[in-house]
Amino acid sequence: MDSENAQPVTRLGRPHPLGATWQGDGTNFAVFSANATGIDVCLYDEDEATPYRTASLPECTNQIWHGLLQDVRPGSRYLLRAHGAYQPRAGHRFNPAQALIDPYARALDGHVTWDAAMYSYDLEAADDILDVNETPNDAFMPKCLVVGDDFDWGDYRAPKVPWLETVIYETHVKG
């Protein structure tokens, strides 16, 4: 869907934390992109391939697009669409026809079905010509899920270890 046709978000939201965060009165969406000109959130009903609503994130703070959708609750299914330049040779492959998984999603529903629609470029084009593929891929994508933070900690309490007795371990995934 085009950004011009997207429905507005009811509140600006916050740039942190990244991803979809249930706030109790709605869900805050925050997505980093250094080069996007806009990010849309597409909401889907159960087993539907086309979104029933698309909302543009209205604010960009320090390269983080964000907004709060008041009627989006835990269990809601969504994907993202990124707007920007399609310049493959410059490393930019923005294609709003292609739905994207939220890189900060905490849960997914479904699985990837490989299809020509999954590629941002036309597979039939010559190798040196990377024409944009405007076929929507929503039907072939797993959907992200909004997750609530309603875990019941029961009788568990914070350990309250004094700083002098605290040891912090650090691990780097790449290393």
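Positions are given from 1 along the sequence. Everything numeric here is computed off the predicted structure, so don't read it as measured data.
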Counting C-beta onward and ignoring hydrogens, is there a side-chain heavy-atom pair between S120 and V132 closer than 4.5 Å? no
Are the side chains of D138 and Y44 in touch, meaning some heavy atoms are under 4.5 Å apart?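 The answer is yes; the side chains approach within 4.5 Å.
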Pick out which of L57, I39, L18 makes a side chain to side chain contact (heavy atoms under 4.5 Å, CB included) with I64. L18
Do V112 and F140 make a side-chain contact, defined as non-hydrogen atoms from C-beta onward lying under 4.5 Å apart?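 Not in contact.
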Beyond-backbone contact of D102 with Y78, side-chain heavy atoms, under 4.5 angstrom: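 In short, these two side chains touch, coming nearer than 4.5 Å.
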Just one of N137, T135, D131 clears the side-chain hydrogen bond (donor to acceptor under 3.5 Å, both in side chains) bar with N133, so which one? T135
From D40 CG over to R53 CZ, what is the distance, rounded to the nearest 0.5 angstrom? 11.5 Å
Under 4.5 Å between any side-chain heavy atoms of M141 and I101, yes or no? yes
Might you confirm whether atom CG of D25 has over 12 heavy atoms from other residues, nucleotides or ligands at distances under 6.0 Å?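 Buried by this count: over 12 neighbours within 6.0 Å.
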Can you tell me how far OG1 of T27 sits from CG of L68, rounded to the nearest 0.5 angstrom? 7.0 Å
Filter on salt bridge (Lys or Arg N to Asp or Glu O under 4.0 Å), then keep only pairs touching residues 104-116, sequence neighbours left out; what's left?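 Of all non-adjacent pairs touching residues 104-116, those that pass salt bridge (Lys or Arg N to Asp or Glu O under 4.0 Å) are R77-D109, R106-D149.
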Check for me, please, whether L108 and M118 land in the same ILVMFWY cluster - side-chain distances under 4.5 Å, paths through other members count. yes
Linked, directly or transitively: F94 and V31 (ILVMFWY side chains, under 4.5 Å):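 Unlinked, F94 and V31 end up in two clusters.
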Under 4.5 Å between any side-chain heavy atoms of Q23 and R14, yes or no?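 Side chain of Q23 against side chain of R14, heavy atoms only: contact under 4.5 Å found.
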Search all heavy atoms of C42 against all heavy atoms of R81 and return the closest pair with its distance. SG-NE, 3.3 Å
Without swapping roles, check the side chain of T37 against the backbone of H83 for a donor-acceptor pair under 3.5 Å.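 Yes, because the side chain of T37 sits within donor-acceptor range (under 3.5 Å) of the backbone of H83.
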Would you check if the distance from the ring center of Y86 to the ring center of Y121 is below 6.0 Å? no
Does a side-chain heavy-atom distance below 4.5 Å link W65 with F32?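 Side chain of W65 against side chain of F32, heavy atoms only: no contact under 4.5 Å found.
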Could you give the distance from CG (L145) to NZ (K143), rounded to the nearest 0.5 Å? 10.5 Å
May I ask you to decide if the ring planes of Y119 and W114 are parallel, tilted or perpendicular, using 30° and 60° as cut-offs? tilted
Residue pair A99 / L79: nearest heavy atoms and the distance that separates them: CB-CD1, 3.5 Å
Where do A107 and V147 come nearest, in terms of heavy atoms and distance? CB-CG2, 3.8 Å
To the nearest 0.5 Å, atom CD of E134 lies from atom CG of N95 at 7.0 Å
Which pair of non-hydrogen atoms, one from P136 and one from A117, has the smallest distance, and what is that distance?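 Minimum heavy-atom separation between P136 and A117: O-CB, 3.6 Å.
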When you look at CD of E124, are more than 12 heavy atoms from neighbouring residues, nucleotides or ligands closer to it than 6.0 Å? no
Side chains of Y52 and L43 in contact at under 4.5 Å (non-hydrogen atoms):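 Yes, side chains in contact.
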Looking at L80 and P103, what are the two nearest heavy atoms and their distance?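 Minimum heavy-atom separation between L80 and P103: CD1-CD, 4.3 Å.
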Roughly how far, to the nearest 0.5 Å, is CG of L69 from OG of S76?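 One finds 9.0 Å between OG of S76 and CG of L69.
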Mind running side chain to side chain contact (heavy atoms under 4.5 Å, CB included) on T61 and H66 for me, showing each step along the way? CA-CA 8 Å; T61 305; H66 55 92; 2.8 Å; yes
Work out which heavy atom in A20 is nearest to a heavy atom in F29; give both atom names and the distance.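 For A20 and F29, the tightest heavy-atom pair comes out as CB-CE2, 3.6 Å.
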